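Keep in mind that this is a model prediction, so the values were computed, not measured. Just follow the structure's listing: the first ligand is 1, and inside any ligand the first atom is 1. Numbering starts at 1 and runs along the sequence shown.
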Amino acid sequence: MRTKVAISGAGPAGLLLSQLLHLRGIDSVVLESRDRAYVEKRQRAGMLEQGTVEVLRRSGVGARLDREGLTHHGLELRFGGVAHRIALTELTAGHTVTIYAQTEIVKDLIDARLEAGGDIRFGAEVLSVDPGAPSLTYRQDGQTHTLDCDFVAGCDGFHGVSRTAVPGLRTYEREYPFGWLGVLAEVPPSTEELIYAYSERGFALHSLRSPRVSRLYLQVDPDEDIDDWPDDRIWSELRARFATHDGWQLRDGPILEKAITPMRSFVAEPMRHDRLFLAGDAAHIVPPTGAKGLNLAISDVTVLADALDAWYDSGSEELIDAYSATCLKRVWRAQHFASWMTTLLHRDPTQDSFGHRQQLAHLEYLAASTAAATTLAENYVGVAPTL
Ligand code: RFL
Ligand code: PHB
């Protein structure tokens, strides 16, 4: 069996890469260990940078996103019982962000690939990658197969196998003493813009999915058991963390899904070895506070598709050689922003009262200073320049 580009993982990175290559006439095979229903239901990201939306539109999967996505022009920082708006669009010369769930992007990409006759193999677990041959082996229906190719794209997330095939990998990692309890609830959002709340009880985030479905997050201990969080405890903790002095009310409703995720920062360098390229969460993880993970995954595969296209077009290795360094510039900018937002907004149990007063001083500065708010805004919408 042979293809031009063998892609390990049908998350947003692998699926979009397959779509971008298809639009340039380059064939690929996507191998995914899970089944289709699982991949389409996995609750994750929701906030898309404008650049991400534009890439998805150019890839031919923008129609439902344009109909159902919610365009946002600002976000709210809430602390000390008071709401402060960061005017994202005003501060970034017109940029917006869009709320559209990762589950829907994955569904749209799978539909587009299958309609065009694309080859996505579900229940196909990649066992090993040979970056030099290049090829990969995978198991499907109890049988082991080898897939030969020109290039392998390792898009198999943080727990995938591709990264282990890069010799001499340098890794950079930081763990945080907290996790997020994510909640999907069947209740109209109590806000039009995202609320990032800092309180003495810990961080909370109010996001949304549609006019009838809310997405909420609570900072919790990373080792906590989800069974210790019955629905009424979740709602009362959310109410306490979002409480304001002006009587703002949080609507509650049936919880459809809840789960706890640990938070970490992680980068693996370089993102290429020989004919193997790592992209998305396979190469880097950011804590979700800055909403960068999915946006970085999309940006990596956009760079990769251009590089592979140039190679097939003219045999030029220039963009392929530049792939890792090009992606890592943006990755490290996002790493800094995500860890800054995380330490700014979470209550660190190991920190003393001096640390908490500093967090409040910084939040007040963001609310009062256009310069400080612009720093947050240009990173959040994804237009912070790099050298
Ligand atoms: P994925 O989505 O993890 O997909 C990897 C795929 O590879 C498969 N796989 C394998 N397949 C074959 N063989 C193997 N050996 C395999 N091993 C694994 C897996 O089953 C899976 O299908 O990685 P990808 O494509 O790089 O996409 C990255 C994003 O999913 C991730 O960065 C974001 O979800 C992060 N994130 C957010 N990002 C944003 O940009 N904005 C947000 O608002 C945002 N919110 C979030 C988030 C992540 C969260 N969690 C749960 C970690 C909120 C949360 C709570
Ligand atoms: C989400 O809608 O899931 C979301 C939004 C913003 C974040 C993280 C997650 O920072």
Query raised in the report: With sequence neighbours excluded, what pairs up with Phe266 under the ring-ring contact (aromatic ring centres under 6.0 Å, His included) test?
Result: Phe158
Query - Shortest heavy-atom approach to atom 42 (C) of ligand 1 - which of Ala45, Ser299, Ala13 - result: Ala45
Report summary line: heavy-atom search around atom 41 (N) of ligand 1 in the protein gives Ala291 O, 3.2 Å
Query raised in the report: Under 4.0 Å from any heavy atom of Arg34, which atoms of ligand 1 are there?
Result: 20 (O)
Query - Summary of ring pair (Phe, Tyr, Trp, His ring centres under 6.0 Å) pairs that have at least one residue in residues 57-90, sequence neighbours excluded - result: Phe79-His84
Requested in this report: Report the part of Leu31 (side chain from C-beta onward, or backbone N, CA, C, O) that has a heavy atom under 4.0 Å from ligand 1; answer both or neither where that applies.
Outcome: backbone
Query raised in the report: Does the side chain of Arg121 pick up a donor-acceptor pair with the side chain of Tyr138 at under 3.5 Å?
Result: yes
Query - Nonpolar side-chain network containing Leu181, other nodes, edges under 4.5 Å - result: Val183, Val187, Ile195, Leu216, Leu218, Val220, Ile226, Trp229, Ile234, Trp235, Leu238, Phe242, Trp248, Leu250, Ile255, Ile260
Query raised in the report: For ligand 1, is there an atom lying under 4.0 Å from some heavy atom of Gly182?
Result: no
Requested in this report: Run the contact test for Arg42 against ligand 1 with a 4.0 Å cut-off on heavy atoms, strictly below, and give the result.
Outcome: yes
Query raised in the report: Would you call Tyr38 a ligand 1 contact, heavy-atom distance under 4.0 Å?
Result: no
Query raised in the report: Non-hydrogen atoms of Ala124 versus ligand 1: any pair closer than 4.0 Å?
Result: yes
Exercise answer, ligand 2 polar atom pairs (N/O) under 3.5 angstrom:
residue, atom, partner, partner atom, Å
ligand 2, 2 (O), Ser207, OG, 2.6
ligand 2, 2 (O), Arg209, NH1, 2.9
ligand 2, 2 (O), Arg209, NH2, 3.4
ligand 2, 3 (O), Arg209, NH2, 2.7
ligand 2, 3 (O), Tyr217, OH, 2.6
ligand 2, 10 (O), Tyr196, OH, 2.8
ligand 2, 10 (O), Pro288, O, 2.9
ligand 2, 10 (O), Thr289, O, 3.2

